[in-house]
Amino acid sequence: MIEINKTYTHYKNKQSYIPLNTCKIQENDTWVKAIIYKPIDSEELFVRSYKEFKEKFSLVK
């Protein structure tokens, strides 16, 4: 489970991000669960599928 408003680190660039909310995006004509997130030092928003976010980000403890 992805925790909203907690800090996560990207596996490759090691930058910190905060998931803000969930939504749906379309992948191959199918609606899938997604995460809206932002860099810790910016207000720019990004979206990834829930599955991809779980694969590429880890919760900072």
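This is a predicted model, so every value here is computed, not measured.
- The same ILVMFWY cluster, assembled from side-chain heavy atoms under 4.5 Å apart, contains both I40 and L20.
- Between L59 and E3, the shortest heavy-atom distance links the atoms CD2-OE2, 3.5 Å.
- Under the 4.5 Å side-chain heavy-atom criterion for Ile, Leu, Val, Met, Phe, Trp and Tyr, F57 and I4 are members of distinct hydrophobic clusters.
- Counting heavy atoms from C-beta outward, K54 and I2 have side chains that approach closer than 4.5 Å.
- Cluster annotation: Y37 is not connected to V60 through the hydrophobic network of ILVMFWY side chains, with a link wherever side-chain heavy atoms come within less than 4.5 Å.
- The heavy-atom pair separating E27 from S49 by the smallest distance is OE2-CB, 3.4 Å.
- At least one test fails for K56 against the ring of Y11: distance under 6.0 Å to the centre or angle within 45° of the axis.
- Taking every heavy atom of both residues into account, H10 and N13 meet most closely at CB-OD1, 3.1 Å.
- Between C23 and V47, some side-chain heavy-atom pair lies under the 4.5 Å cut-off.
- Of the possible polar contacts, none joining the K51 side chain to the E55 backbone as a donor-acceptor pair under 3.5 Å is found.
- The side-chain heavy atoms of Q15 and P39, taken from C-beta on, include no pair separated by under 4.5 Å.
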Going through the checks in order, is the side-chain contact (heavy atoms from CB on, under 4.5 Å) test met by K6 and I18? CA-CA 6 Å; K6 300 282 183 168; I18 300 173; over 6 Å; no

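- Annotation: the span from F53 atom CZ to R48 atom CZ amounts to 8.0 Å, rounded to 0.5 Å.
- Between T22 and I35, some side-chain heavy-atom pair lies under the 4.5 Å cut-off.
- Y17 has its ring centre no less than 6.0 Å from the ring centre of Y8.
- Ion pairing of K38 with E43 is present here, as a side-chain N (NZ or NE/NH1/NH2) and a carboxylate O approach within less than 4.0 Å.
- Y50 and L45 fall into different hydrophobic clusters, defined by Ile, Leu, Val, Met, Phe, Trp and Tyr side-chain heavy atoms under 4.5 Å apart, directly or through other members.
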